[in-house]
Amino acid sequence: SLTQRLDNIFDRMRGKGKITEKDVADAMREVRQALLEADVNFKLVKQFVNKVQERALGAEVLASLTPAQHIIGIVHDELVEMLGGDDPEATKIKFAGEPPTILMLVGLQGSGKTTHAAKLAAYFRKNGQKVGMVAADMQRPAAVQQLQQLGRQLDIPVYAEPQGNKPVDITQRAVRWAREQALTVLILDTAGRLHIDDALMQEVATIRQRTQPQEVLLVVDAMTGQDAVRVADEFNKTVGLTGLILTKMDGDARGGAALSVRQVTGVPIKFMGTGEKTDALEPFYPDRLATRILG
Amino acid sequence: ALEHDDITDDLWDELEETLITGDVGVQTTDKLMQVLHDRVEAEHLTRGRELRDALKEELEILLGDPEPLVFSDTSPISVFLVVGVNGVGKTTSIAKLANLLKRQKHRVMLAAGDTFRAAATEQIKTWGERIGVPVISHQHGADPGAVVYDAMQAAQARGTDVLIVDTAGRLHTKFNLMEELKKIMKVLQKYDPEAPHEVLLVIDATTGQNGFAQAKQFVQDSGVSGIILTKLDGTARGGIVFAVASELGLPIKYIGTGEKLGDIAPFDPVQFVDALFE
Ligand SMILES: Nc1nc2c(ncn2[C@@H]2O[C@H](COP(=O)(O)OP(=O)(O)OP(=O)(O)O)[C@@H](O)[C@H]2O)c(=O)[nH]1
Ligand SMILES: Nc1nc2c(ncn2[C@@H]2O[C@H](COP(=O)(O)OP(=O)(O)OP(=O)(O)O)[C@@H](O)[C@H]2O)c(=O)[nH]1
Ligand SMILES: [Mg+2]
Ligand SMILES: [Mg+2]
């Protein structure tokens, strides 16, 4: 672990007295390696390590009897801050002035959007909301059935239209349906798409324009590697994001992609997916993720 | 300009950045950088172009030689078991592979072994209809072992020569799900001790270092005979496969390059390495 690796560096100079700048540089190399192994973006790691190094070269660390712990502390604090630890309010869902509050889920193929539409629906219903879901993925085989089955399991209504209809129209009609049904929360599930597919990126931008959701949440797989930054940046620039959901956190991926997407978009991580069942949704805890990223 | 430029510190940094941002991983990258430094010295390399070519060679070495799909030579039915974590592209890759093999005149059948996820059976049945390949399935919640047993019976009855078994996505860290996979394999082995003839692990190209942990665990629990690397039509380079191939000895057999049936190709190591530098 990083703690052990830093201990090794500083144990080596026990009895030699002061820590030198070289010792700190060695420690920074270990921090860099730990963050890259955790899938934090390469460029972000550079900036981050420079920031930590500045603090680590401060008098406190150089005089410390436990420099390894001190440096880990600095790294942990910087991670928590970058993950949005300083603003817990930001992680709340923004409700509409008048119902329904609309949440739109977007992201790459297979990231967990459909499953999390259902999880969010269950979550809001538990909080007393009248929820509906919209099956707007018209391209993946049986995508509509997938959301409908989840809706049946949860006893939550799903708005769906026949094959051949366009998502930009379906979602618009769904909002009208939600008002007719007096729903207070409407969740739009969209098809997985590549950030470099212009036509499909335009499609979600149009859906957003037409439905005016309160939240546009990028669903990101916790095991995503270096590409996370580019994906998040494109979605944010083309569609505009208000938040992030980090999925499959029940695995052992370190989750460094979370840091990268949070940093490049500036939007908060609102939820974490921690399993395949519809109750596996947790609020986001920055300090827990910071510990996990550090390994 | 790289053709005639000298090797500079900037070039070393640029190559390191290309590898790390391609998800090759810091440890594999460090090893490659060390090998390159040794080669520059031993071979007196001076041009940037020579260094880049040397790196491409070393990357190709890590991937090993291309290996084709293994068909059974003792049984009339070759069984391919497709495994991997959630959402990586197993079901879609099975449809693509089935289509490919059908065009090569194989008699293909699919087993809908994901009885857990919502509409998983409907998804693979839709693909089966589109390709014109029979799909054996049970109701939602059935024992996947029972589906596989049924499929083997049906395959024998119908003169099938390739049976591809879809399984539910499962995180490699979930003990009971990995045990379930072992049970599925036992059912196959009852029919033919050599089955499955391929255990194809599907890895998503957008996956970072966790891809190695996935491969390592599946090798341990189910065994893996080949990798299908999907979603290379995105901007992720799938660099984790260099470590997977070289340290676990796993051949990459196919790549997925999109969501349509035709978006599959046999793995070409030279093209793959070139793409890393594009
Ligand atoms: N273990 C685990 N599995 C998850 C989680 N979220 C989703 N999954 C699984 O991941 C797979 C993909 O989930 P989907 O909801 O179909 O993903 P999607 O983004 O809608 O996929 P596309 O619509 O094809 O883009 C399924 O097997 C889900 O059960 C999670 O938090 N943990
Ligand atoms: N762009 C792209 N998308 C792909 C590729 N392969 C699969 N997909 C998409 O990824 C999503 C998930 O594919 P599935 O085949 O359902 O993945 P899976 O591994 O069977 O998922 P689970 O059974 O839920 O674990 C779907 O939207 C597919 O269309 C590929 O090569 N490129
Ligand atoms: Mg979906
Ligand atoms: Mg599947």
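Lettering follows sequence order; numbering is per chain, from 1.
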Test T224(A) against T207(B) for side chain to side chain contact (heavy atoms under 4.5 Å, CB included), laying out the working first.
CA-CA 5 Å; T224(A) 310; T207(B) 307; over 6 Å; no

Starting from the C-alpha separation in whole Å, work towards a yes-or-no answer on side-chain hydrogen bond (donor to acceptor under 3.5 Å, both in side chains) for Q109(A) and E259(B).
CA-CA 9 Å; Q109(A) 291 89 347; E259(B) 301 190 71; 2.7 Å; yes

Quick one, R140(A) with T91(B), criterion side chain to side chain contact (heavy atoms under 4.5 Å, CB included). Give me CA distance, side-chain angles, the key distance, then yes/no.
CA-CA 11 Å; R140(A) 167 173 155 155; T91(B) 306; over 6 Å; no

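Residues of residues 159-166 of chain A placed with any heavy atom under 4.5 Å of a heavy atom in chain B are absent; none qualify. Residues from residues 212-224 of chain B that place a non-hydrogen atom less than 4.5 Å from a non-hydrogen atom of chain A comprise A213(B), Q214(B), given in numerical order. Within residues 24-35 of chain A, the residues having any heavy atom under 4.5 Å from a heavy atom of chain B are, by residue number, R32(A), Q33(A).
With a 4.5 Å cut-off on non-hydrogen atoms, D250(A) touches chain B through its backbone and its side chain both. With a 4.5 Å cut-off on non-hydrogen atoms, D39(A) touches chain B through its side chain but not through its backbone. Neither the backbone nor the side chain of L147(A) comes within less than 4.5 Å of any heavy atom in chain B. Residue K231(B) touches chain A through its side chain alone, counting heavy-atom pairs closer than 4.5 Å. Contact annotation for R130(B): only side-chain heavy atoms (C-beta onward) come within less than 4.5 Å of a heavy atom of chain A. Contact annotation for L177(B): only side-chain heavy atoms (C-beta onward) come within less than 4.5 Å of a heavy atom of chain A. Within the 4.5 angstrom heavy-atom criterion, atoms from both the backbone and the side chain of E122(B) approach chain A. Looking at D233(B), the atoms closer than 4.5 Å to chain A (heavy atoms on both sides) sit in the backbone and in the side chain alike. Only the side chain of I196(A) comes within contact range of chain B, judged by heavy atoms closer than 4.5 Å.
Looking at residues two or more places apart in sequence or on another chain, you find no ring-ring contact (aromatic ring centres under 6.0 Å, His included) involving Y285(A).
At least one side-chain heavy atom of V88(B) sits under 4.5 Å from a side-chain heavy atom of M223(A). You'll find the side chain of R254(A) stays beyond 4.5 Å of the side chain of Q209(B), heavy atoms only.
The CZ atom of R230(A) sits 4.5 Å away from atom OG1 of T235(B), with the distance rounded to the nearest 0.5 Å. Separating the CD atom in E276(A) from the CZ atom in R170(B) is a distance of 9.0 Å, to the nearest 0.5 Å. Note that CD1 of I20(B) and CG of L36(A) are 5.0 Å apart. Values are rounded to the nearest 0.5 Å.
The existence of a salt bridge linking R237(B) and D227(A) is excluded, since no basic side-chain nitrogen approaches an acidic carboxylate oxygen closer than 4.0 Å. Taking the charged nitrogens against the carboxylate oxygens, K43(A) and E17(B) do have a contact shorter than 4.0 Å, which makes a salt bridge.
Heavy atoms of other residues, nucleotides or ligands lying less than 6.0 angstrom from NZ of K182(B) number more than 12.
In this structure, K248(A) and N86(B) approach most closely via the heavy-atom pair NZ-O, 2.9 Å. The shortest heavy-atom contact between A119(B) and A142(A) is CB-O, 3.8 Å. When all heavy atoms are compared, the tightest approach of G225(A) to D23(B) is CA-OD1, 3.5 Å.
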